[in-house]
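See below for the structure under consideration.
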Amino acid sequence: MAYGLGGIHGHGYAWIVWKKPEGEDNMGLITEDALEAWMDYSIDDMLQTYRYIGSVLDDAWQEEILTYDFGDGTTWSLDAIGAIIRGKKVMYDALYMFGDESDKELARLTFERTAKLFETVIELIKPWGLPNQIEFTPEGAVAASVEVNLYDWYQFLNHIGGGFSFDREREGTSQFINRYREDLRPIFPKIYDEALLGALEYHLNEQNRLVASLSYDDGTVLDERLTVSTLGMFITVAGNIYTAGDAFARADTWDYVSQKAADRSRFLYDIKFDHIELLEGLLQF
């Protein structure tokens, strides 16, 4: 369910960006019939799908531990947690934007449970990341693994802050965070700053190359090998979240920010481009 819901994120978002005001001069230029023919499903098809998913999610929700149990327990992989948060974002916005009053109620419920799941998980964040397995209990979420898999950690961050993700509130959409959970707003930049600062401090070896995994207990390196997936996900998430907080700045502002912020940002840029060059060097055509 988690991976499937995350996987259809783009399908729901195609209709959202078609309808929201920011899409008026691009996706909004397509007629509804044309987009339906291209997507091979209609607005009604999308709503019916999300309504059915909503009933399955409702049956699986465990309020006492603030997560879902689909029959295989309440220990979740971190990448699955990120996937369901991302997928539910589009789900509740689509229901809110295109549905009737009962759909809007389902949208609000879906959002509220997404927020609870998110809040429970982020309590476990350490400077070097989150464990790749998390168990949900009546006392809260606990680490179910001693390993921080950096690919999973970067992917989780991207599910929260990359593209049309959990933290994105746009005109014409539900804007549930802005309307009902404004207290969540300052949490996002704090997470992003600490995540990238942690990456620069803990995720690099002596050659300033990313590693694959760390100990969740103390941040020491468990696997120094660099995988292509980790490299690619770091480049993606760093590009998406680095200006969301205060620790880093865009290159065109380095003359106007503190020297420390400029130096830190320059180092992050160097790491990103060094890894892009490394990836390009591996490509064969």
Side-chain angles (χ1 to χ4, degrees), residues 1-58 61 68 81-118 155-185 187-189 192 236-237 239-241 243-244:
M1 174 60 79
Y3 297 124
L5 193 54
I8 64 171
H9 174 277
H11 300 72
Y13 182 58
W15 283 108
I16 289 172
V17 74
W18 171 80
K19 184 177 177 64
K20 68 189 180 78
E22 287 181 359
E24 288 176 352
D25 59 352
N26 46 72
M27 283 288 286
L29 300 177
I30 303 174
T31 66
E32 181 177 338
D33 288 343
L35 184 56
E36 178 181 330
W38 193 87
M39 297 294 292
D40 201 30
Y41 67 93
S42 66
I43 291 173
D44 187 60
D45 293 333
M46 176 181 63
L47 287 173
Q48 292 294 349
T49 298
Y50 280 137
R51 287 165 184 158
Y52 179 68
I53 292 173
S55 69
V56 176
L57 291 176
D58 190 52
W61 179 251
Y68 298 95
I81 295 171
I84 201 166
I85 290 175
R86 187 179 193 87
K88 288 172 66 184
K89 161 65 174 178
V90 162
M91 175 180 170
Y92 62 70
D93 269 354
L95 287 166
Y96 176 85
M97 294 171 67
F98 295 98
D100 56 26
E101 287 306 311
S102 63
D103 293 321
K104 287 178 169 58
E105 291 177 7
L106 176 57
R108 175 75 183 276
L109 178 65
T110 303
F111 163 74
E112 289 174 347
R113 289 174 174 173
T114 306
K116 289 178 180 179
L117 178 63
F118 170 72
Q155 184 169 240
F156 176 82
L157 291 169
N158 202 56
H159 282 314
I160 303 304
F164 194 69
S165 48
F166 183 53
D167 72 344
R168 299 301 170 94
E169 303 280 78
R170 293 292 183 265
E171 183 184 356
T173 66
S174 68
Q175 298 194 68
F176 282 147
I177 292 177
N178 289 346
R179 293 164 60 195
Y180 302 115
R181 290 301 309 274
E182 188 65 29
D183 57 302
L184 292 177
R185 184 57 55 199
I187 294 175
F188 299 114
Y192 303 148
T236 300
V237 75
N240 278 330
I241 69 174
T243 58

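All residue numbers in this chain count up from 1 along the given sequence.
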Who pairs with [X] by side-chain contact (heavy atoms from CB on, under 4.5 Å), at least two apart in sequence or on another chain?
| X | answer |
| --- | --- |
| A244 | Y192 |
| T236 | N158, M233, N240 |
| R113 | D58, W61, Y68, K88, L109 |

Partner set under side chain to side chain donor-acceptor pair (under 3.5 Å) for [X], not counting sequence neighbours:
| X | result |
| --- | --- |
| Y3 | D79 |
| Y50 | none |
| S102 | D100 |
| R181 | E119, D183 |

Output side-chain donor-acceptor pairs under 3.5 Å for residues 14-22, partner residues at least two apart or in another chain, one line each.
residue	atom	partner	partner atom	Å
W18	NE1	I30	O	2.7
K20	NZ	E22	OE1	3.0

Can you name the ring-ring contact (aromatic ring centres under 6.0 Å, His included) partners of [X], sequence neighbours left out?
| X | answer |
| --- | --- |
| F176 | Y92, Y96, F111, Y180 |
| F98 | none |
| F156 | none |

Nearest-0.5 Å distance, [atom1] of residue [X] to [atom2] of residue [Y]:
| X | Y | atom1 | atom2 | answer |
| --- | --- | --- | --- | --- |
| I241 | D167 | CD1 | CG | 9.5 Å |
| E182 | L184 | CD | CG | 9.0 Å |
| I85 | K89 | CD1 | NZ | 12.5 Å |
| S165 | H159 | OG | NE2 | 10.0 Å |

Q | Check: M1 and I53 side chains under 4.5 Å, non-hydrogen atoms | A | yes
Q. Please walk me through it: do R108 and E112 pass salt bridge (Lys or Arg N to Asp or Glu O under 4.0 Å)?
A. CA-CA 6 Å; R108 175 75 183 276; E112 289 174 347; 3.0 Å; yes
Q: Indicate yes or no for a side-chain donor-acceptor contact from H9 to the backbone of F164 under 3.5 Å, with no hydrogens or angles considered.
A: yes
Q: Just grab all the salt bridge (Lys or Arg N to Asp or Glu O under 4.0 Å) pairs involving residues 23-46, residues at least two apart or on different chains.
A: none
